[in-house]
Amino acid sequence: MPSHDVLIIGAGLAGQRAALAAAQSGASVAIISKVHPVRSHSVAAAGGINAALNPEDSWESHAFDTVKGSDYLGDQDAIEIMARAAPEEILWLEHAGVTFHRNETGHLGTRAFGGASAARTYYVADITGHAILHVLYEQLMKHHETVDRYEEWFTLGLLQNDEGHCVGAVCRDLRDGHIEIFNAKATILASGGAGQVYKPTTNGLIVTGDGIAQAYRIGAKLMDMEMIQYHPTTLAGNGLLITEGARGEGAQLFNAEGERFMEKYAPNKLELASRDVVSRAEQTEINEGRGFDDGTVALDITKVPRKRTLEALREIVNIGRDFAGVDITREPIHIKPGMHYIMGGVKTDSDGQTTIPGLYAAGEVACVSVHGGNRLGANSLLDTLVFGRRSGEHAARRAVQMPMPSTPASKISEAERDVSEILNREPEGRRIGAIKDELGDTMNQYVAVFRDQEGLTKALEIVERLKEEAGQAPIDDRGTVFNQDVIAHIELGYMLDVAETIVVASLERKESRGAQFRTDFPERNDDEWLKHIDISLNGGERPEVSYSPVTITRWQPEERTY
Ligand SMILES: Cc1cc2nc3c(=O)[nH]c(=O)nc-3n(C[C@H](O)[C@H](O)[C@H](O)COP(=O)(O)OP(=O)(O)OC[C@H]3O[C@@H](n4cnc5c(N)ncnc54)[C@H](O)[C@@H]3O)c2cc1C
């Protein structure tokens with residue numbers, strides 16, 4: 001049985017940063033990933049990472065922009081920690097080898113991003129996540145004596161001892177299907193978001209909410225689950241992202257009547273208002289008949305000098321050409337709001353500790369909450385790194401103070417039984433792909449930019465029916481070697497749990513704030529709803545709702561205009 005001080009589930013930016021921090025603090029570490037670490041979804045991050053590093057900028061300004069962007073639902077103590085730590089984190093990355101863009105004077109250069117009062121986004125063309133992830137992986141190699149990498153291992157569930165403490169996880173080796181217990185003094189979930197709950201999404205096929213569901217199933221609290229970000233510029237149909245970096249470089253939005261409609265909705269910030277505001281504006285134009293026939297509006301990147309686009313936005317030049325047949329340097333491209341990010345997740349404190357002793361969470365799986373009702377672009381990479389590091393350090397400190405907990409070996413046979421039950425089902429009923437499609441379509445129809453009681457109630461009924469159906473659904477592959485069919489089945493179960501909590505929280509919040517716009521409650525209502533919605537199983541089988549206060553340090557809620 002592999003035993004380590006710190007077990008990290010997930011090897012994207014949050015997981016790798018946590019692993020480095022824990023190793024540097026003297027802990028023995030295991031890091032597990034269901035794909036090769038550099039294929040983790042962080043590799044797709046494009047536009048950049050925020051920090052108030054420029055002497056004319058300040059961490060206070062970054063923090064305030066984040067609080068305002070969150071529609072005052074973000075916890076201000078955590079936001080302060082993140083904004084203060086950002087400059088040091090950028091310099092650490094640069095010294096580790098990330099080739100951030102430099103300007104004509106040779107200094108680190110920035111681009112503008114939405115909702116920010118200064119251009120404070122540091123970037124590597126439009127492959128920022130790729131550049132950082134590869135450098136972290138190189139750094140991890142240096143620690144090969146204390147960090148054991150388990151690549152292409154799938155975590156099936158978290159383990160608790162009799163006191164309810166998390167003591168590790170039970171995992172399946174994807175190469176041959178064998179199952180092992182990983183014993184640990186501290187376990188850090190860094191398993192990313194849940195984009196695949198929706199269809200389409202900008203997120204890859206591997207982003208299935210595993211960690212959120214695994215924590216929830218052992219009783220951890222989730223928070224802000226209703227807050228789902230629709231990104232303003234995604235391709236219709238396939239959901240591929242056109243980075244906000246394009247608008248940061250000067251691209252503009254037009255409706256089918258040739259009107260630069262953001263002048264109506266956000267006269268000061270225009271296309272660089274925060275994402276919830278721009279997505280709602282686009283969807284309003286589309287719903288009121290001023291969009292194109294394909295249900296889109298146009299993003300005109302020809303406003304950016306061609307040379308600059310080819311240099312700084314080269315990936316979206318490829319995406320436009322390969323997936324929409326459009327040369328974005330010469331003509332506008334049709335886009336629409338699309339599901340992109342989950343602001344909610346496993347509730348943590350600012351050291352990553354969840355409500356289960358011994359269990360930490362960091363990155364998109366977690367909710368600290370620094371994004372509140374709406375995340376500012378380029379704040380997520382920062383969140384993964386700052387809170388990944390803090391979780392790694394805290395988990396290592398916990399580990400030195402305690403002996404290795406014991407874990408019953410019987411958990412292996414229980415997990416084996418669960419997997420064989422799926423493998424041996426009769427080949428009758430709908431396939432998991434069809435169930436997943438219905439889930440994604442349902443969420444995109446009823447739990448999207450605009451929501452109401454009737455649609456949310458319908459969504460909940462469908463999700464509950466799909467949960468029943470998925471519990472019986474058969475798979476085709478009964479083998480052991482890279483059996484992705486059985487994994488997809490287990491992931492579907494996670495996605496359905498996550499979907500249920502999203503819908504329950506959206507029904508609960510009877511106001512409009514950030515990404516949650518209720519057409520039946522169109523105003524923000526601070527008197528009743530300036531609070532977090534927490535969801536947990538609380539020992540039962542259905543999600544239970546409770547509330548927790550929003551931490552306000554220095555910025556009282558104000559009307560939010562851009
Ligand atoms: C197209 C796109 C562009 C983006 N651009 C930006 C940007 O420019 N700036 C910004 O700030 N943010 C951006 N974001 C958001 C940001 O990239 C993500 O929020 C962030 O990278 C998430 O990192 P993470 O480490 O939390 O998770 P991930 O990078 O998703 O890593 C999750 C890890 O968990 C592992 N895992 C999951 N489940 C299991 C399991 N059951 N067993 C074992 N391992 C498991 C995976 O293999 C993976 O290693 C973008 C997002 C997308 C989709």
Side-chain angles (χ1 to χ4, degrees), residues 7-19 31-51 111 113-114 121-133 136-137 149-158 169-174 182 188-196 201-214 229 231 233-234 239-245 248 315-316 319 338-343 345 361-366 371 375-385 387-388 391 487 490-491 493-494:
L7 168 66
I8 299 170
I9 301 168
L13 289 181
Q16 293 200 35
R17 189 67 186 89
I31 182 164
I32 291 184
S33 173
K34 63 182 176 180
V35 297
H36 187 279
V38 297
R39 301 193 65 182
S40 299
H41 202 60
S42 293
V43 80
I49 173 168
N50 287 334
R111 62 165 46 121
F113 246 62
T121 303
Y122 293 85
Y123 64 97
V124 183
D126 53 355
I127 56 161
T128 311
H130 180 111
I132 301 176
L133 194 63
L136 289 192
Y137 194 62
R149 287 174 285 113
Y150 296 87
E151 298 170 359
E152 300 184 314
W153 277 75
F154 184 86
T155 302
L156 296 162
L158 299 168
V170 57
C171 306
R172 177 178 162 104
D173 184 347
L174 294 177
F182 284 69
I188 303 177
L189 277 172
S191 43
Q196 287 292 318
T201 169
T202 61
N203 293 197
L205 287 168
I206 56 174
V207 188
T208 48
D210 305 13
I212 300 177
Q214 287 163 358
Q229 179 163 82
H231 191 291
T233 55
T234 71
L240 282 175
L241 182 79
I242 303 294
T243 172
E244 187 166 305
E315 276 309 306
I316 60 165
I319 288 174
M339 191 282 172
H340 181 58
Y341 185 84
I342 179 161
M343 271 74 74
E364 198 169 335
V365 67
H371 309 302
R375 169 174 75 86
L376 291 190
N379 262 356
S380 170
L381 295 189
L382 184 60
D383 168 13
T384 63
L385 296 166
F387 294 102
S391 303
I487 296 303
I490 297 165
E491 289 171 338
Y494 297 145

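Positions are given from 1, in the same order as the sequence printed here. Atoms within each ligand, like the ligands themselves, are counted from 1 in listed order.
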Lys/Arg-Asp/Glu bridge criterion (N-O < 4.0 Å) met for Lys34, Asp210 | yes
Test ring-ring contact (aromatic ring centres under 6.0 Å, His included) applied to Phe113 - qualifying residues, sequence neighbours left out | none
Taking only residues two or more places apart in sequence or in another chain, which ones pass side-chain contact (heavy atoms from CB on, under 4.5 Å) with Ala194?
-> Val197, Ile212, Val498
Short N or O contacts of ligand 1 with protein, under 3.5 Å, listed by atom name?
{"from": "ligand 1", "atom 1": "5 (N)", "to": "Ala46", "atom 2": "N", "distance (Å)": "3.1"}
{"from": "ligand 1", "atom 1": "8 (O)", "to": "Ala46", "atom 2": "N", "distance (Å)": "3.3"}
{"from": "ligand 1", "atom 1": "8 (O)", "to": "Gly47", "atom 2": "N", "distance (Å)": "2.7"}
{"from": "ligand 1", "atom 1": "8 (O)", "to": "Gly48", "atom 2": "N", "distance (Å)": "3.0"}
{"from": "ligand 1", "atom 1": "9 (N)", "to": "Gly48", "atom 2": "O", "distance (Å)": "2.8"}
{"from": "ligand 1", "atom 1": "11 (O)", "to": "Ser380", "atom 2": "N", "distance (Å)": "3.1"}
{"from": "ligand 1", "atom 1": "11 (O)", "to": "Leu381", "atom 2": "N", "distance (Å)": "2.7"}
{"from": "ligand 1", "atom 1": "19 (O)", "to": "Glu364", "atom 2": "OE1", "distance (Å)": "2.6"}
{"from": "ligand 1", "atom 1": "19 (O)", "to": "Ser380", "atom 2": "OG", "distance (Å)": "2.7"}
{"from": "ligand 1", "atom 1": "21 (O)", "to": "Ser42", "atom 2": "OG", "distance (Å)": "2.9"}
{"from": "ligand 1", "atom 1": "23 (O)", "to": "Ser42", "atom 2": "OG", "distance (Å)": "3.0"}
{"from": "ligand 1", "atom 1": "25 (O)", "to": "Leu13", "atom 2": "N", "distance (Å)": "3.2"}
{"from": "ligand 1", "atom 1": "25 (O)", "to": "Ala14", "atom 2": "N", "distance (Å)": "3.0"}
{"from": "ligand 1", "atom 1": "26 (O)", "to": "Glu364", "atom 2": "N", "distance (Å)": "2.9"}
{"from": "ligand 1", "atom 1": "29 (O)", "to": "Ser42", "atom 2": "N", "distance (Å)": "2.8"}
{"from": "ligand 1", "atom 1": "29 (O)", "to": "Ser42", "atom 2": "OG", "distance (Å)": "2.5"}
{"from": "ligand 1", "atom 1": "38 (N)", "to": "Asp210", "atom 2": "OD2", "distance (Å)": "3.2"}
{"from": "ligand 1", "atom 1": "41 (N)", "to": "Thr155", "atom 2": "O", "distance (Å)": "3.3"}
{"from": "ligand 1", "atom 1": "41 (N)", "to": "Asp210", "atom 2": "OD2", "distance (Å)": "2.8"}
{"from": "ligand 1", "atom 1": "42 (N)", "to": "Thr155", "atom 2": "N", "distance (Å)": "2.8"}
{"from": "ligand 1", "atom 1": "44 (N)", "to": "Lys34", "atom 2": "N", "distance (Å)": "3.0"}
{"from": "ligand 1", "atom 1": "47 (O)", "to": "Ser33", "atom 2": "OG", "distance (Å)": "2.8"}
{"from": "ligand 1", "atom 1": "47 (O)", "to": "Lys34", "atom 2": "N", "distance (Å)": "3.3"}
{"from": "ligand 1", "atom 1": "49 (O)", "to": "Ala11", "atom 2": "N", "distance (Å)": "2.8"}
{"from": "ligand 1", "atom 1": "49 (O)", "to": "Ser33", "atom 2": "OG", "distance (Å)": "3.0"}
{"from": "ligand 1", "atom 1": "49 (O)", "to": "Ser40", "atom 2": "OG", "distance (Å)": "2.6"}

For Arg172, what residues pass the salt bridge (charged side-chain N to carboxylate O under 4.0 Å, His left out) criterion, not counting sequence neighbours?
-> none
Indicate yes or no: at least one non-hydrogen side-chain atom of Thr201 is less than 4.5 angstrom from one of Val207.
-> no
Which is it for Tyr494 and Gln214 under the side chain to side chain donor-acceptor pair (under 3.5 Å) test, yes or no, and what are the steps along the way?
-> CA-CA 7 Å; Tyr494 297 145; Gln214 287 163 358; 3.0 Å; yes
